[in-house]
Amino acid sequence: MQSALDTIGRGVGRLYAAAFDLLEWPMLALQRLTGAQRIAWIFLLPNLVIFGTFTFLPIILNFFYATSGSDAILLQDRPYVGLDNFATLLACENYLQPNSCERDIFWRAVHNTAWFVVLQVGFMILFSLVTALILNRDIPFRGFFRSVFFYPVLLSPVVVALIWKWVLQRFGVLNAALEGAGMPTVNWLVDADWAFFWIVFVSIWAHMGFYTLILLAGLQSIPSDVYEAAEMDGASKWRVFSRITMPLLMPTMAVVIVLSLIRAVQAFDEIFVLTGGGPGSATLLILQFIYETGFAYQPRLYGLAAAASMLMAVVLLVLTLVQLRATRSRAEG
Amino acid sequence: MAVVELDNVVKDYGATRAVHGVSLTIENGEFCVFVGPSGCGKSTLLRMIAGLEEITDGEMRLDGQRVNEQRASERGLAMVFQTYALYPHMTVRQNLAFGLENIKTPKDEIVRRVDAAARMLQIETYLERRPKQLSGGQRQRVAIGRAVVREPRVFLFDEPLSNLDAELRVAMRGEISALHRRLGNTMIYVTHDQVEAMTMADKIVVLRAGRIEQVGAPLELYNRPVNQFVAGFIGSPRMNFVEGTVDSIDDEGVDLRDRTGTAYRAAVDGGGVERGDAVVLGIRPDHLDVGGSVGHEVTVNAIEQLGGDSYLYCERPDGTRLTAHIAGQTAIRRGDVARAVFRPEYSHLFVKDTGVALPRLTIGEAV
């Protein structure tokens, strides 16, 4: 086995060397042509073109769409309206009551997203922490459980949603099981409260493996001798957890909190496939609102969608800055 | 204040036996050093005493009381770790206080003990700092302080100086010895460094492969090693060994010849050997007199001149390597052929197959 791997490794190494031998003279020729300084730009060019076309340009365009009106797609056909789109989105008598807002559906999505973020992130971190603490102990089949908890992370969001749809639909697995046990069935995805519960649940199920893994790595980076010192110092299990484990896990926890916050704000795909935002707008989140306003419904309100996405970008920017700070203090700590 | 007794203590890791039935008594107030090469089980033994490792078989007693089943914290011992194992997120003061808070010591008592320990170890000025803001030596003091404040029955040290630089190691060695004199507690100290063992111990326990080779006072081990392993392990540089066969035995010693037919004599009790037995002659570099006009011929391969001491690395014509220590400086040069005198009263003799030492009759180094 080892020798087979060695052979493969050596083969790959030789191929790699051969490829670079082939590249040598064109590269040298190119370098003579451009000079050693400018050749760096040639290497950067492909990435710059891709990044510019698909990331940077859309950001700029988004700004123009957000400040122009009508349902025309070409920029020259769109009249400049200043901050009207933002004003429309933000026009509200009471932000806590979506019905009092001009774009009540936007504010409903904001409310839903806020609740979703609080519940999904809060419970997911709690579950991830508990799971990581258990998986960090010397339990039987530890390797097996570690992979089991990580598998959902590898699934495509659409697959996740379809699996759970199969479980939760009116004649799905869950209701069949309930019926078999003689219990009343529930139309899980049609009842507004249950549907919201399930989008939070499914989203936790799909993502917690990732955060469990990060927290597990954080737990394992705590040196074991510190625990032994605490044992000699007569610390109770609770004192060890509250005074040693948690403080030393905090830098990792900060990263986990911010990362999961960002991802929760951006949640879309699983929920869109699972509930489509329904029933009504009970599980409609901001990203779906932006998508539907801009691309799904007539008339296509590109300006409004662009403005909403810029508002969301501000929130994400703040969270990202917080994350950068958290990771930096972790690197320094 | 405590007597530590180990009675046929065994440690198994799965099918591997790390400690084979060790029996040992460490007296009240004694400074006992476990020494041996890496993997000899010395740290395992210490961790079993601490309560960090379970005792597979046998009994451990503290002041006559069986403690096998007691948790580490219940035994009333304190340990200083090789890696210091300070709590990185706590200040020095919090590090020292943590153990006392765990047993709900009154606040003013904690302050009193922490301040007293800090004064004794001269770490008062760092009390509000975090471990990462301290140097290695300062961290080691904090680790010792954390043990001191708990006023333990026994102090356990697990290679506490091996992460320090040479100069600091010498200084801390002195400080730990001073601490022992001052507190008078029983202390158990693990090291692979025989110099630490020789300089600090009341009693040295030499371990190899999970077994005790010899227990004794430092000079006893140096002067009367019971076997070739202890003879080679204690003393620096290492003892020289010359293989040979017994030629004749009389009341004052044993004569032997090496492969080349060269004769040696050791002042040992030859009761355990017969003419023709394979033996190993041992002599420490300090006792090999090189540079005179008599003795056995050696070629000098290398010389280390330290100013106050010189070390000669020599070779006998049959390839046997010898190290000699000369006090002061030497005019001998690399490549010179010199003469080395093996004095019988400084020589040790071991049975080749078992490594067992024959009892020495006269001991040249005894004062």
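Chain A is the first sequence line, chain B the second, and so forth, proteins listed ahead of strands; every chain is numbered from 1.
Within a 6.0 Å sphere centred on CD of E151(B), heavy atoms belonging to other residues, nucleotides or ligands number more than 12. Within a 6.0 Å sphere centred on CD of E27(B), heavy atoms belonging to other residues, nucleotides or ligands number more than 12. In this structure, F268(A) places its CZ atom where more than 12 heavy-atom neighbours from other residues, nucleotides or ligands lie under 6.0 Å away. Annotation for Y95(A): atom OH counts as buried by contact number, over 12 foreign heavy atoms lying within 6.0 Å.
When every heavy atom of E231(A) is checked against every heavy atom of G51(B), the shortest pair comes out as OE2-O, 4.0 Å. In plain terms, the two heavy atoms of L86(B) and V226(A) that are nearest each other are O-CG2, 3.8 Å. For the residue pair A72(B) and M232(A), the shortest heavy atom distance occurs at CB-SD, 3.9 Å. R71(B) and A235(A) make their closest contact through NH2-O, 4.2 Å (heavy atoms, listed as atom of the first residue, atom of the second, distance). The minimum heavy-atom distance between D225(A) and A85(B), with the atom names listed, is O-CB, 3.5 Å. Of all heavy-atom pairs between N102(B) and D233(A), the closest is ND2-O, 2.9 Å.
Proximity to chain A (any heavy atom under 4.5 Å) is shown, for E74(B), by neither the backbone nor the side chain. Contacts of A50(B) with chain A are made by both backbone and side-chain atoms, with heavy-atom separations under 4.5 Å. In this structure, chain A has a heavy atom under 4.5 Å from the side chain of F81(B), while its backbone stays farther away.
The side-chain heavy atoms of E228(A) and R47(B), taken from C-beta on, include a pair separated by under 4.5 Å. Using a 4.5 Å heavy-atom cutoff, the side chains of Y87(B) and R243(A) are not in contact. Put simply, the side chain of I244(A) reaches to within 4.5 Å of the side chain of M90(B), judged on heavy atoms.
For the ring-ring contact (aromatic ring centres under 6.0 Å, His included) test, residues two or more places apart in sequence or in another chain that qualify with W238(A) are F241(A).
Between chain A and the options L100(B), I103(B), T83(B), heavy-atom pairs under 4.5 Å are most frequent for T83(B). Listed options S73(B), A143(B), A147(B) were ranked by heavy-atom pairs under 4.5 angstrom with chain A; first place goes to S73(B).
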